[in-house]
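One structure below.
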Amino acid sequence: MLTAITRAVSPAIVRCELSFIDRQPIDLGRAREQHQAYEALLAKLGARVLSLPPEPDLPDSMFVEDPAIVLDEIAIILPLGTESRRPEATSLTQELSKYRKLAHVQLPGTLEGGDVLRIGRKVFVGLTKRSNAEGIRQLEEILRPHGYEVIPVSVKGCLHLKSAVTWIADNTLLANRAWFDTKPFAAYDWIDVDPAEPHAANALALGGTIIFPASFPKTRGRIGSLGLRVTTLDISELQKAESGLTCSSLLFES
Ligand code: GLY
């Protein structure tokens, strides 16, 4: 069945890493409520949600997508590009070992799951401040025997590849094309974010529904006009921690 690993919001989230947005005060109670609503929506859409306890000393630890990649065949544990976030992998590794054989990318390679966009057997990986060429090289070595093609993508102007582009349906990607090299994606169709909403490219497609941030109504209209089913979620407090929707869960079949 579809399983979603999540983690409760850390009380330390107010000290989270920020790269491309300015710091604003975060209301911890509201952040927790919004994350619980996210977990409830995943469950409503059919996922078994395994919510891990909070990590009081790890501000960004609710972003469980970043320290690991989970595929049908294997899970890969990643050295995050931000040193302060590297301890997040420890408890996730224990949890994932119940479901998958594990492989590890090793330093000096760095890689974050937010930079990894898998579409079928293609694994697009953003080359960013968080994910380097050596990390991508090691991932390629790990995944080649399993029949995956790893494709590096240059990214500029945002945190992760999936801040700039996500898969939403069939052959269609939602994107802010100003932020990455689109050449590796020549075979796909695009929905462009509304120019007034540059951060709106991170959507989470799950079971035929697209979960989308309530704060980007213009782009939501563009997605909805294609006849796709969209459910909006208020993640405004979490967005102050540079959160999208994909980064708060690890989704896999178990
Ligand atoms: N606050 C999310 C990150 O910078 O990793």
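When a ligand or atom number is given, it counts from 1 through the structure's own listing order. The first residue of the sequence shown is numbered 1, and numbering continues consecutively from there.
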- Proximity winner for atom 3 (C) of ligand 1, if only heavy atoms of His160, Arg130, Glu242, Glu112 are counted: Arg130

- Query: Is the His199-Trp179 ring centre distance short of 6.0 angstrom?
  - Reply: yes

- Query: With hydrophobic residues grouped by side-chain heavy-atom distances under 4.5 Å, do Ile77 and Tyr99 end up in a single group?
  - Reply: yes

- Query: Would the number of heavy atoms belonging to other residues, nucleotides or ligands and lying under 6.0 Å from CZ of Arg229 be above 12?
  - Reply: no

- Item | Residue portion contacting ligand 1 (non-hydrogen atoms closer than 4.0 Å) for Arg85 | side chain

- Task: Consider ligand 1: state whether an atom of it lies below 4.0 angstrom from any non-hydrogen atom of Ala241.
- Result: yes

- Task: Compute both the distance and the angle, then confirm whether Arg220 meets the cation-pi test with Phe212: under 6.0 Å from the six-membered ring centre, within 45 degrees of the axis.
- Result: no

- Using side-chain contact (heavy atoms from CB on, under 4.5 Å) as the criterion, point out the one residue from Leu251, Leu52, Leu42 that pairs with Thr6. Leu42

- Query: Looking only at protein heavy atoms, which one is nearest to atom 2 (C) of ligand 1, and how far off is it?
  - Reply: Asp60 OD1, 3.2 Å

- Message: I want to know if ligand 1 touches Ser19 in the polar sense, i.e. an N/O pair below 3.5 angstrom.
- Response: no

- ligand 1 to Glu17 polar contact by distance, N or O atoms, under 3.5 Å: yes

